[in-house]
Every structure is written in C-alpha cells, then in structure tokens.
Amino acid sequence: MLEHIPSESAMTELLGHYLFEVWQKLCAAIDEAYEMERQWNDGGKNWTYEYKYRRGGKTLCSLYAKEKCVGFMIIFGKDERAKCEDIRGSLSASVCRQYDEAKTYHDGKWVMFTPTDTAEFDDYMKLLALKRKPDKKKK
C-alpha cells in the first residue's frame with residue numbers, strides 16, 4: 001500500500017493531460033460496472049504506480065502508470081482463457097494480438113494492455129466480464 005496516494009495534478013504531470021483522461025475514463029468504466037475495493041501500490045521496477053481493483057481477496061484488474069504511459073493488466077486463469085477463446089470473434093484484432101503475445105505463467109496468462117485512447121474499452125469490459133460478471137447497476 002502506498003503511504004501517499006498521488007494527486008490528480010501528480011498523475012497529470014506523470015501521464016500527461018490526454019493519458020490521464022484515458023486513465024480516468026477507464027476507472028470510470030470499471031467503477032460503473034463493479035463495486036470493488038481499490039488499492040494504490042508502488043509500481044515495482046517497471047511502473048511508478050499500481051492501482052488495483054479487488055474484491056474478496058481476488059484481483060479483477062490493475063492499472064499502472066509511469067511517465068507518459070498507462071498499463072492495464074488482466075490475469076486470465078485456465079477457465080477464463082477458454083472463455084476468452086469463445087469471444088475472440090467479438091474482440092478487435094489489436095486486443096487479440098496483445099492477448100496472444102502475452103506470457104502464460106503457472107498461475108495464468110498475464111495480459112498487459114497499453115491504452116492510448118478509449119477505443120478498446122468495450123473489449124476490456126468484455127474481458128473483465130469473463131473474470132467476474134458486472135455487478136447490478138448502481139443506484
């Protein structure tokens with residue numbers, strides 16, 4: 001856990017105005033579909049920050065930030081990878097390519113997307129729905 005959560009101005013400075021908007025829109029899309037715990041962490045050796053969406057000890061996805069770059073990671077278990085194959089036809093070629101190029105480890109396929117705009121957000125939400133059905137619409 002981070003001691004100091006980065007401010008909007010710190011995130012804008014790190015990512016740049018445009019990418020910070022992309023970050024905010026992706027967070028808003030996830031927040032709209034899911035009621036999750038959110039946790040800020042150090043980004044490790046490759047990223048400045050990690051922003052994780054979790055519930056019940058399980059991670060749904062994580063966003064990463066470093067200078068002028070946003071990362072969006074989903075880890076797919078064995079069952080989720082099978083489901084992913086079922087919906088491939090509804091995903092963009094770019095999302096399929098990033099999925100195919102991701103490394104598979106003993107605990108799942110770790111797919112890091114690097115969104116530069118909102119074009120693939122619908123696909124991201126389809127992929128998240130394979131991990132966990134969206135919660136009912138919030139009132």
Side-chain angles (χ1 to χ4, degrees):
M1 291 267 285
L2 270 186
E3 234 179 85
H4 301 288
I5 293 171
S7 65
E8 279 195 21
S9 61
M11 289 296 288
T12 301
E13 192 175 319
L14 180 68
L15 296 172
H17 260 299
Y18 183 77
L19 277 181
F20 183 55
E21 277 186 27
V22 171
W23 171 286
Q24 287 181 306
K25 288 175 182 170
L26 182 53
C27 288
I30 298 166
D31 290 340
E32 190 177 311
Y34 296 94
E35 187 66 49
M36 305 294 282
E37 300 160 16
R38 296 170 206 79
Q39 183 179 359
W40 282 96
N41 294 303
D42 176 276
K45 66 180 183 197
N46 296 322
W47 298 89
T48 307
Y49 299 114
E50 175 190 58
Y51 187 60
K52 195 178 279 195
Y53 282 88
R54 300 176 55 100
R55 187 156 83 196
K58 288 188 146 200
T59 299
L60 177 69
C61 62
S62 299
L63 278 78
Y64 294 87
K66 64 182 177 184
E67 190 170 346
K68 308 290 184 252
C69 186
V70 171
F72 176 61
M73 181 179 281
I74 307 174
I75 300 172
F76 297 92
K78 187 178 178 186
D79 294 344
E80 295 152 354
R81 290 199 311 272
K83 290 179 193 172
C84 201
E85 292 304 317
D86 293 342
I87 67 160
R88 274 186 83 89
S90 72
L91 302 173
S92 72
S94 169
V95 166
C96 288
R97 186 180 78 275
Q98 290 171 87
Y99 177 87
D100 292 342
E101 291 172 357
K103 190 160 172 54
T104 303
Y105 297 93
H106 72 283
D107 59 347
K109 188 171 187 77
W110 294 46
V111 186
M112 177 67 82
F113 299 99
T114 50
T116 55
D117 56 35
T118 60
E120 296 176 341
F121 282 14
D122 286 347
D123 285 358
Y124 298 165
M125 298 311 289
K126 289 177 193 173
L127 293 172
L128 289 178
L130 299 178
K131 287 188 65 80
R132 177 184 202 110
K133 283 191 169 62
D135 301 326
K136 290 190 172 87
K137 276 279 191 204
K138 292 186 207 170
K139 297 191 183 333

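Quick note: residue numbers are just sequence positions, from 1.
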Transitively linked via ILVMFWY side-chain contacts under 4.5 Å: I75 with M125? no
Hey, what do you get for CG (N41) to CH2 (W47), rounding to the nearest 0.5 Å? 14.5 Å
For D100, what residues pass the salt bridge (charged side-chain N to carboxylate O under 4.0 Å, His left out) criterion, not counting sequence neighbours? R88
Which residues pass the salt bridge (charged side-chain N to carboxylate O under 4.0 Å, His left out) test with K126, sequence neighbours left out? D123
S7 meets the side chain to side chain donor-acceptor pair (under 3.5 Å) criterion, sequence neighbours left out, with S9
Could you work out, with side chain to side chain donor-acceptor pair (under 3.5 Å) as the rule, every residue matching R81, not counting sequence neighbours? none
Would one find more than 12 heavy atoms of other residues, nucleotides or ligands at under 6.0 Å from atom CG of D79? no
Q98 and S94: side-chain donor and acceptor closer than 3.5 Å? yes
Would you give the length of the straight line joining atom CD1 of I74 to atom CG of L128, rounded to the nearest 0.5 angstrom? 4.0 Å
Audit row: D135, R55, side chain to side chain contact (heavy atoms under 4.5 Å, CB included) steps and yes/no: CA-CA 12 Å; D135 301 326; R55 187 156 83 196; 3.0 Å; yes
I5 CD1 to M11 CE distance, which is reported to the nearest 0.5 Å: 11.0 Å
Distance-only donor-acceptor hits, side chain of residues 14-27, under 3.5 Å, sequence neighbours excluded:
none

With R54, which residues qualify under salt bridge (charged side-chain N to carboxylate O under 4.0 Å, His left out), at least two apart? none
Set of side-chain contact (heavy atoms from CB on, under 4.5 Å) partners for A129, sequence neighbours left out: Y34, P134
Tell me, do Y49 and L2 make a side-chain contact under 4.5 Å, heavy atoms counted? yes
Test side-chain contact (heavy atoms from CB on, under 4.5 Å) applied to D107 - qualifying residues, sequence neighbours left out: Y105, W110
Are any side-chain N or O atoms of E80 and backbone N or O atoms of G77, one a donor and one an acceptor, separated by less than 3.5 Å? yes
Evaluation steps, side chain to side chain contact (heavy atoms under 4.5 Å, CB included), between V95 and L127: CA-CA 10 Å; V95 166; L127 293 172; 3.9 Å; yes
Going by the rule salt bridge (charged side-chain N to carboxylate O under 4.0 Å, His left out), which residues pair with K109 if we only count those two or more places apart in sequence or in a different chain? none
Report, one line per pair, each donor and acceptor closer than 3.5 Å where one atom sits in a side chain of residues 60-68; sequence neighbours left out.
from : atom 1 : to  : atom 2 : distance (Å)
Y64  : OH     : E50 : OE2    : 2.7

For Y124, the ring pair (Phe, Tyr, Trp, His ring centres under 6.0 Å) test, sequence neighbours excluded, returns F72, F113, F121
Polar side chain donor-acceptor pair, D31 to Y53, under 3.5 angstrom: yes
Just jot down the side-chain contact (heavy atoms from CB on, under 4.5 Å) partners of K83, sequence neighbours excluded, or say none. L130
What's the shortest heavy-atom distance between G56 and E37, and which atoms? N-OE2, 4.2 Å
